[in-house]
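Remarks on the structure that follows.
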Amino acid sequence: MIQLQADSLTKRYGKKSVLNGISFSYEGTILGIAGANGSGKTTLLKCLTGLLKPSSGSVTWQIEGIIINQADLKSHLGYAAPYIQLYEELTVAENLQFLSDLGNHARQSDLTGLLKTYDSAEFSDSLYGNLSTGQQQRVKLAASAVKDPSILILDEPGSNLDAKGKKLVEDMVHDYSSRGKMTIIASNQLDELKLCDKIIDLNK
Ligand SMILES: Nc1ncnc2c1ncn2[C@@H]1O[C@H](COP(=O)(O)OP(=O)(O)OP(=O)(O)O)[C@@H](O)[C@H]1O
């Protein structure tokens with residue numbers, strides 16, 4: 001079981017203050033983060049995962065009752081987002097192999113199988129930079145799954161995806177949930193938020 005606790009989080013960008021001391025706890029498998037453009041969804045994801053240090057407040061992750069420190073958290077995370085880029089000059093397969101070779105995660109994914117699952121096998125040998133935005137999004141989802149992470153972070157996962165692609169996101173989230181992993185989805189899309197068992201609404 002994975003537990004997340006956020007206490008009094010605020011992020012300041014110069015004079016602008018975002019998140020405004022938000023606190024919440026979550027112990028489930030699919031958490032949604034909703035809110036208008038600019039409300040702080042991405043900022044919250046980055047603070048939760050250590051990509052950004054909050055200006056005040058704290059984040060605590062526990063897996064099976066054991067507190068995970070910041071250095072170890074990375075090895076548990078998969079992250080797909082518009083601002084997380086893959087290498088344009090490598091092929092799709094090379095990108096996934098590169099990610100797979102990073103770190104020493106215990107489980108090696110079957111990368112060919114992963115590309116099939118994310119409907120990306122046909123462009124396995126294409127340069128990532130030559131793919132359409134929707135094809136790139138499918139590959140980003142596959143890339144986030146390379147480590148078979150315990151915690152999956154999806155920032156606007158359905159962006160640029162057609163109906164079949166959106167179904168891939170749904171299947172991905174349900175698969176992770178059925179295996180007791182935690183997914184956090186930041187989105188304004190109702191079809192994505194309806195997958196979640198709790199929603200943090202940053203508009204409130
Ligand atoms: N690096 C930064 N420097 C200055 N301001 C920033 C920075 N990053 C974010 N902000 C500001 O913080 C606020 C929240 O941004 P954030 O990207 O977290 O919102 P969001 O809810 O994810 O937005 P969207 O739905 O448009 O993706 C915005 O007003 C944004 O301009």
Side-chain angles (χ1 to χ4, degrees), residues 29-35 37 41-52 73-103 105 107-179 181-193 195-196:
T29 58
I30 315 176
L31 175 67
I33 299 175
N37 292 138
K41 300 181 295 299
T42 294
T43 300
L44 179 56
L45 288 182
K46 288 180 175 176
C47 287
L48 294 178
T49 54
L51 281 185
L52 264 184
L73 182 60
K74 275 188 206 147
S75 67
H76 295 286
L77 287 176
Y79 204 140
Y83 43 87
I84 294 189
Q85 290 304 331
L86 299 178
Y87 290 101
E88 298 202 339
E89 64 278 19
L90 295 183
T91 67
V92 167
E94 286 167 345
N95 265 292
L96 263 58
Q97 188 63 55
F98 177 74
L99 288 171
S100 176
D101 291 343
L102 283 178
H105 38 276
R107 252 172 301 184
Q108 288 293 328
S109 297
D110 161 17
L111 300 182
T112 308
L114 203 58
L115 284 172
K116 276 193 195 133
T117 302
Y118 291 91
D119 214 7
S120 304
E122 69 184 274
F123 31 85
S124 170
D125 294 326
S126 303
L127 291 182
Y128 176 77
N130 287 348
L131 301 183
S132 74
T133 48
Q135 290 169 335
Q136 287 187 343
Q137 180 62 8
R138 281 174 161 77
V139 175
K140 281 190 182 186
L141 293 172
S144 72
V146 162
K147 290 191 289 183
D148 195 24
S150 308
I151 302 163
L152 183 63
I153 307 293
L154 301 177
D155 197 346
E156 300 182 23
S159 58
N160 301 308
L161 290 181
D162 57 20
K164 202 173 162 201
K166 285 177 189 274
K167 178 72 169 51
L168 285 177
V169 174
E170 199 176 320
D171 291 347
M172 178 185 204
V173 170
H174 283 146
D175 171 49
Y176 273 67
S177 174
S178 71
R179 293 188 289 136
K181 296 165 182 277
M182 185 189 289
T183 300
I184 305 182
I185 305 174
S187 176
N188 277 314
Q189 304 295 317
L190 288 181
D191 56 336
E192 288 167 4
L193 292 173
L195 302 171
C196 304

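Being a predicted model, the structure only gives us computed values, none of them experimental.
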Leu114 and Ala142: which non-hydrogen atoms are nearest, and at how many Å? CD2-O, 3.4 Å

Can you spot which of Lys164, Gln135, Lys167 makes a side chain to side chain donor-acceptor pair (under 3.5 Å) with Asp119? Lys164

I want to check something: taking the side chain as every heavy atom from C-beta on, are Leu111 and Gln97 in contact at a cut-off of under 4.5 Å? yes

If every non-hydrogen atom of Pro149 is compared with every non-hydrogen atom of His76, which pair is closest and at what distance? CB-O, 3.3 Å

Check against side-chain contact (heavy atoms from CB on, under 4.5 Å), Phe123 and Gln136: CA-CA 10 Å; Phe123 31 85; Gln136 287 187 343; over 6 Å; no

Approximate separation, where rounding is to 0.5 Å, of Leu86 CG and Leu127 CG: 12.5 Å

Side-chain contact test, heavy atoms from C-beta onward, threshold under 4.5 Å: evaluate it for Ile30 versus Cys196 and give yes or no. yes

pair Pro82-Asp155: side-chain heavy atoms closer than 4.5 Å: yes

Considering only heavy atoms from C-beta outward, does the side chain of Leu141 approach that of Leu161 to under 4.5 Å? yes

Would you say the side chain of Leu73 lies within less than 4.5 Å of the side chain of Ile151, judging by non-hydrogen atoms? yes

Full working for side-chain contact (heavy atoms from CB on, under 4.5 Å) between Leu48 and Ile153: CA-CA 10 Å; Leu48 294 178; Ile153 307 293; 5.9 Å; no

Interatomic distance, Ser144 atom OG to Leu152 atom CG [nearest 0.5 angstrom]: 5.0 Å

Nearest non-hydrogen partners of Leu193 and Gly32, listed with the distance: CD2-CA, 4.3 Å

For Gly113, is there any backbone N or O sitting under 3.5 Å from a side-chain donor or acceptor partner on Thr117? yes

Lys140 vs Tyr128 side-chain heavy atoms within contact, under 4.5 Å: yes

In the structure I gave you, are the side-chain heavy atoms of Leu102 and Lys147 within less than 4.5 Å of one another anywhere? no

Where is the tightest heavy-atom contact between Asp148 and Tyr176, given as atom of each residue plus distance? OD1-OH, 3.7 Å

Could you check whether any side-chain N or O of Glu192 sits under 3.5 Å from a backbone N or O of Ile185, counting only pairs where one atom can act as donor and the other as acceptor? no

Are any of the side-chain heavy atoms of Pro157 and Met172 separated by less than 4.5 Å? no

Identify the heavy atoms of Ser159 and Gln137 that sit nearest to each other, and give their distance. O-CG, 3.5 Å

State the CG-OG1 distance between Asp175 and Thr183, to the nearest 0.5 angstrom. 9.0 Å

Is the number of heavy atoms from other residues, nucleotides or ligands within 6.0 Å of NZ (Lys74) greater than 12? no

Rounded to the nearest 0.5 Å, what's the gap from CG on Leu168 to CG on Asp162? Could you check? 8.5 Å

Would you compute the distance between atom CG of Leu96 and atom OH of Tyr118 and round it to the nearest 0.5 angstrom? 10.5 Å

Please report the closest heavy-atom contact between Ser124 and Leu115, naming both atoms and the distance. OG-CD1, 3.8 Å

Would you give the length of the straight line joining atom CG of Asn37 to atom CG of Asn188, rounded to the nearest 0.5 angstrom? 6.0 Å

